> 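The structure's right below; bear with me while I get my questions together.
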Amino acid sequence: MPELPEVEHVVRALQTAVLNQRITAAELRLKRTAPGISKSRFNKRLSGARIRTIGRRGKHILINLDTNETLVVHLRMTGKFVYLNNEQPLLPYSHAVFYLENDRRLVYCDMRQFGRMNIIASHRLLKSKELRALAPEPLSEEFSTDYLRRTFAGSRREVKQILLDQTKVLGLGNIYAAEALFMAGVSPFAVAQSLSRRRLVRLHKAIRQVLDEAIESGSTLRIDLGDGHSSYFGTAERFWRVYEREDEACLKCGARIRRVVQAGRSTYYCPRCQR
DNA sequence: ACCCTCACCTGCACGC
DNA sequence: TGCGTGCAGGTGAGGG
């Protein structure tokens, strides 16, 4: 499920749950989940490590350990963490289990098996293949209107495409790209380098607003920990302004919302107010 | 360097 | 009921 805001929720939930816990043992059950490392080496490098800090870069979760290594997790489409007590059975698709010193388990589940983990020396994180090419954090100063202008300059790609490119604009996925374009009144098919200054400024603002709002609304998310019931992290109920509203009336102008396939993925937009 | 297409998986909703 | 199709919030390899 995750785009940047959902990953941010997962990070916060993990911080609440497992910060400063020691991993007494790790059990990688599906090799594909951590393709760069053998199961036994994965387990060995994590067992005994204490979780010092938990952060995020784009959609990557960074679990920093006192071994000076970082467990980097990308949830892709269906990855989830579940926090279980010692009586609760594993759910299906549990591909990695982290046994903690508090007798609970942090379990990584992933139905479609797309999610990936890697263990990287913390001081080499920024140079790692996972993180080195990523665009600046969209909620940081560095992601300015001027950055967006420079990034779009010379690109003949359609703006929806460039919004999904994590090396150009970080954190958006198919939903929030559609929402940001709708909010800014920009057509998903507009050519990036041809956007007017005004549209660029509106789009920049919309990207921030869409991400901010999604993170904010998640702060009302209830996450139960320690009441004996399993907790799923990051499954917020959402209400989109344009995404998945094909054939409905546009909330701004009443025109019929369209869905087209763009680069193999659904794009929802209002043909009247997004030009 | 850029940009496009497809592959990677499983499940679910839909139509016949 | 059963089967085929298309679709799902993400990349990354490989090719032009």
Side-chain angles (χ1 to χ4, degrees), chain A residues 1-11 13 29-36 56-61 72-81 91-96 108-118 128-135 138 150-183 188-194 207 210-211 213-215 217-218 221 232-247 258-269:
Chain A
M1 31 193 293
E3 300 181 32
L4 186 147
E6 290 74 27
V7 175
E8 179 63 27
H9 299 322
V10 173
V11 165
R29 297 154 58 95
L30 181 70
K31 162 78 181 144
R32 183 198 319 282
T33 297
R56 174 187 67 66
R57 176 85 176 92
K59 302 174 189 173
H60 296 263
I61 298 166
V72 180
V73 183
H74 197 302
L75 304 172
R76 297 281 181 99
M77 299 284 263
T78 52
K80 290 174 181 57
F81 280 106
L91 296 165
Y93 316 111
S94 295
H95 303 317
Y108 176 74
C109 306
D110 191 347
M111 186 177 71
R112 289 174 75 180
Q113 307 179 16
F114 286 171
R116 292 292 178 261
M117 297 187 184
N118 199 3
S128 68
K129 64 177 189 322
E130 283 85 351
L131 304 190
R132 70 183 167 215
L134 296 178
R150 291 195 310 269
T151 302
F152 282 14
S155 173
R156 276 163 294 190
R157 300 165 81 181
E158 294 173 330
V159 64
K160 164 91 182 304
Q161 309 280 95
I162 213 167
L163 290 187
L164 292 177
D165 183 339
Q166 304 296 298
T167 69
K168 302 294 193 289
V169 176
L170 187 61
L172 297 176
N174 207 34
I175 293 176
Y176 294 123
E179 296 292 304
L181 288 166
F182 176 75
M183 197 177 281
F189 317 108
V191 173
Q193 66 178 359
S194 315
I207 290 168
V210 158
L211 293 175
E213 267 183 29
I215 290 172
S217 73
L221 229 189
Y232 293 80
F233 298 144
T235 52
E237 201 64 37
R238 278 290 141 64
F239 199 62
W240 319 114
R241 290 178 173 88
V242 70
Y243 187 79
E244 282 189 343
R245 285 180 180 269
E246 184 180 17
D247 292 337
R258 305 293 172 83
R259 170 186 169 277
V260 297
V261 175
Q262 188 180 15
R265 314 194 65 194
S266 290
T267 293
Y268 297 86
Y269 69 104

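This is a predicted model, so every value here is computed, not measured. In what follows, every chain begins at residue 1, and chains take the letters A, B, ... in the order their sequences are listed. All values below were derived from every heavy atom in this structure, side-chain atoms included, with hydrogens, water molecules and symmetry-related copies excluded.
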> Starting at atom CE of A/Met77, determine the distance to atom P of B/dT10, rounded to an integer number of angstrom.
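That distance rounds to 14 Å.
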> Determine: side-chain N/O of A/His74 to OP1/OP2 of C/dG10, distance under 4.0 Å, yes or no.
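Checking C/dG10 against A/His74, no side-chain N or O comes under 4.0 Å of OP1 or OP2.
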> Show, in sequence, the C-alpha distance, side-chain angles and deciding distance for A/Arg112 and A/Thr78, and conclude whether the side-chain hydrogen bond (donor to acceptor under 3.5 Å, both in side chains) test is met.
CA-CA 6 Å; A/Arg112 289 174 75 180; A/Thr78 52; 5.4 Å; no
> Rounded to whole Å, how long is the line connecting atom CG of A/Leu164 with atom C1' of B/dT5?
15 Å
> For A/Arg57 and C/dG10, what is the distance between atoms CZ and P respectively, to the nearest whole Å?
17 Å
> Let me know the distance between NZ of A/Lys160 and P of B/dC3, rounded to the nearest Å.
16 Å
> Applying a 3.5 angstrom cut-off to the pairing atoms, does DNA chain B sit in any stems of at least three consecutive Watson-Crick or G-U pairs? List them by first number.
B:2-8 with C:10-16, B:10-16 with C:2-8
> Pick the nucleotide of DNA chain C nearest each of A/Tyr268 and A/Lys129; which residue has the one closer to the 5' end?
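Closest to the 5' end, via its nearest nucleotide, is A/Tyr268.
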> Testing A/Val169, A/Asp165, A/Leu170 one by one against A/Thr167 for a side chain to side chain contact (heavy atoms under 4.5 Å, CB included), which residue passes?
A/Asp165
> Specify the separation, in whole Å, of atom CG of A/Leu4 and atom C1' of C/dG10.
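Interatomic distance, CG of A/Leu4 to C1' of C/dG10: 14 Å.
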> Using whole Å, report how far CZ of A/Arg76 lies from P of B/dC8.
14 Å
> Does A/Ser155 put a side-chain nitrogen or oxygen below 4.0 Å from OP1 or OP2 of B/dC2?
no
> Does the side chain of A/Ser266 get closer than 4.0 angstrom to OP1 or OP2 of C/dA8 through an N or O atom?
yes
> Can you confirm whether A/Arg241 is buried at CZ, in the sense that more than 12 heavy atoms of other residues, nucleotides or ligands lie under 6.0 Å from that atom?
no
> Strictly below 4.0 Å: does A/Arg265 bring a side-chain N or O up to OP1 or OP2 of C/dA8?
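So the side chain of A/Arg265 is outside the cut-off, no N or O lying under 4.0 Å from OP1 or OP2 of C/dA8.
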> Using atom CG of A/Leu163 as one end and atom P of C/dT11 as the other, report the distance to the nearest whole Å.
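My rounded result for the distance is 13 Å.
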> Heavy atoms from C-beta onward define the side chain here; which of C/dA8, C/dG10, B/dT10 lies closest to that of A/Asn174?
C/dG10
> How many angstroms lie between CD in A/Glu3 and CD in A/Glu179, if you round to the nearest 0.5 Å?
9.5 Å
> Taking the side chain as every heavy atom from C-beta outward, state whether A/Leu163 and A/Tyr176 have any atom pair closer than 4.5 Å.
no
> Are A/Phe114 and the base of C/dT11 stacked, counting only ring centres nearer than 5.5 Å and planes tilted under 30°?
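Here the ring of A/Phe114 and the base of C/dT11 are not stacked, as the 5.5 Å and 30° limits are not both satisfied.
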> Rounding to a whole Å, what distance do you find between A/His60:NE2 and C/dG12:P?
6 Å
> Of the non-hydrogen atoms in A/Leu164 and A/Leu172, which two are nearest, and what is the gap between them?
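Where A/Leu164 meets A/Leu172 most closely, the heavy atoms are CD2-O, 4.3 Å.
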> Identify which nucleotide among C/dG10, C/dA8, B/dC3 has an atom closest to any side-chain atom of A/Arg157, counting heavy atoms from C-beta outward.
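So the side chain of A/Arg157 is nearest to B/dC3.
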> Are OP1 or OP2 of C/dG10 and a side-chain N or O of A/Gln166 less than 4.0 angstrom apart?
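Checking C/dG10 against A/Gln166, no side-chain N or O comes under 4.0 Å of OP1 or OP2.
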> It should be established whether A/Gln113 places a side-chain nitrogen or oxygen under 4.0 Å from OP1 or OP2 of nucleotide B/dC8.
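Looking at the OP1 and OP2 atoms of B/dC8, neither is under 4.0 Å from any side-chain N or O of A/Gln113.
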> Taking all atoms of both residues into account, what is the closest heavy-atom pair of A/His74 and A/Arg76, and its distance?
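Heavy-atom minimum between the residues: ND1-N, 2.9 Å.
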> Evaluate the ring planes of A/Phe189 and A/Tyr269, with Trp represented by its six-membered ring, and classify them as parallel (under 30°), tilted (30 to 60°) or perpendicular (over 60°).
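Perpendicular, since the angle between the ring planes exceeds 60°.
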> If you assign each of A/Arg116 and A/Met111 to its closest nucleotide in DNA chain B, which residue comes earlier from the 5' end?
A/Arg116
